[in-house]
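Both ligands and their constituent atoms are indexed starting at 1 by order of listing.
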Amino acid sequence: MKIKPVALQIECHPYAQRNDIREWVKPYNIIIECWYPLGHGDKGLLSDPVIKTIADAHGKSIAQIILRWHIQEGFSVIPGATNPAHIRENISIFDFALSDEEMATMRLLNKDKRFFNMSIEQLDRMAAGRF
Ligand SMILES: NC(=O)c1ccc[n+]([C@@H]2O[C@H](COP(=O)([O-])OP(=O)(O)OC[C@H]3O[C@@H](n4cnc5c(N)ncnc54)[C@H](OP(=O)(O)O)[C@@H]3O)[C@@H](O)[C@H]2O)c1
């Protein structure tokens, strides 16, 4: 390959932090762009008690803590939101910072749990525009 990719788009959120692939691309200085950054709205992730404790300490929501974690990990993050209140909330994450200790706590939440579980056959159909 002659042209180095600038960004790698992968599912990535606190429950699937993708440490293996992040290490793999590190030498190439490729930006990780996270899709499903809020776990596709997973109720368990968005009510996680550990994140809630951090959220309460900052007077922020769990979603805001997750998005701030993405930013401080150096990811490019573009959450999906149709609710205007969510959109407002999701851009209000630049007036606080997570401490090193809080970042370490967030990293412990990884359990390699991914929410996008499409079969190869379904992916083939999607690629062919038949989804
Ligand atoms: N490149 C790829 O292969 C790929 C694959 C999958 C997805 N994507 C893209 O990645 C982006 C994000 O995906 P996604 O939207 O499915 O996942 P997401 O951003 O992880 O989650 C979106 C869900 O979280 C909810 N949400 C957003 N902000 C919230 C908040 N502050 N509090 C509580 N809930 C909140 C949304 O609800 P409301 O809608 O009610 O606000 C929605 O249900 C999309 O643009 C999608 O197209 C790319």
* **I62 and ligand 1 - part of the residue with a heavy-atom distance under 4.0 Å** =>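 No part of I62 is near ligand 1 at this cut-off.
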
* Considering only heavy atoms, does A63 approach ligand 1 within less than 4.0 Å through its side chain, its backbone, both, or neither? ->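 Looking at A63 and ligand 1, just side chain atoms fall under 4.0 Å.
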
* What is the ring orientation for F116 with W35, classed by angle as parallel under 30°, tilted 30 to 60°, or perpendicular over 60°? ->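 F116 vs W35 ring planes: perpendicular.
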
Suppose we measure from [atom] to each protein heavy atom; which comes out shortest, and what is that distance?
atom                    : value
atom 20 (O) of ligand 1 : L38 N, 2.7 Å
atom 41 (O) of ligand 1 : H86 ND1, 2.6 Å
atom 39 (O) of ligand 1 : T82 OG1, 2.6 Å
atom 31 (N) of ligand 1 : N90 OD1, 2.8 Å
atom 24 (O) of ligand 1 : G41 CA, 3.5 Å

Report, in ascending order of atom number, the atoms of ligand 1 lying under 4.0 Å from any heavy atom of [X].
X   : value
I78 : 11 (C), 12 (C)
N83 : 38 (P), 40 (O), 41 (O)
P37 : 12 (C), 18 (P), 19 (O), 20 (O)
A81 : 27 (C), 28 (N), 39 (O), 41 (O)
Q9  : 1 (N)

* Asked: Does an N or O from G80, backbone or side chain, lie closer than 3.5 Å to an N or O of ligand 1?
  ->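 N/O-N/O distance below 3.5 Å exists for this pair.
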
* To do: Indicate whether any N or O donor in one side chain lies under 3.5 Å from an N or O acceptor in the other, for H40 and E11.
  =>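 No.
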
* For Y15 and D112, does a side-chain donor sit closer than 3.5 Å to a side-chain acceptor? ->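 There is no such pair between these side chains.
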
* side-chain contact (heavy atoms from CB on, under 4.5 Å) between I66 and D48, worked out -> CA-CA 10 Å; I66 294 173; D48 184 286; over 6 Å; no

* **Nearest candidate to atom 3 (O) of ligand 1, where distance is taken over non-hydrogen atoms, out of W35, F115, Y36** =>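 Heavy atom nearest to atom 3 (O) of ligand 1 belongs to W35.
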
* Asked: Out of M118, K60, R88, H40, whose heavy atom is nearest to atom 16 (O) of ligand 1?
  ->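 Nearest heavy atom to atom 16 (O) of ligand 1 lies in H40.
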
* Heavy-atom protein contact below 4.0 Å for atom 26 (N) of ligand 1 ->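 Under the 4.0 Å cut-off, atom 26 (N) of ligand 1 does have protein heavy-atom neighbours.
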
* Asked: Under 4.0 Å from atom 33 (C) of ligand 1, do we find at least one protein heavy atom?
  ->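 Neighbour list for atom 33 (C) of ligand 1 includes protein heavy atoms (cut-off 4.0 Å).
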
For [X], is the [atom1] atom crowded, meaning more than 12 foreign heavy atoms sit under 6.0 Å from it?
X    : atom1 : value
I31  : CD1   : no
D20  : CG    : yes
L108 : CG    : yes
D100 : CG    : no

* Does G39 come within less than 4.0 angstrom of ligand 1, counting non-hydrogen atoms of the residue? ->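 G39: in contact with ligand 1 (<4.0 Å).
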
* Asked: Which is it for Q64 and R68 under the side chain to side chain donor-acceptor pair (under 3.5 Å) test, yes or no, and what are the steps along the way?
  -> CA-CA 6 Å; Q64 287 173 312; R68 184 69 207 185; over 6 Å; no

* Do F94 and I71 touch side chain to side chain, with heavy atoms closer than 4.5 Å? ->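 A side-chain contact exists here, since the closest heavy-atom pair is under 4.5 Å.
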
* Is R114 close to R18 at the side-chain level, that is, under 4.5 Å between some pair of heavy atoms? ->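 Result yes, sub-4.5 Å side-chain heavy-atom pair found.
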
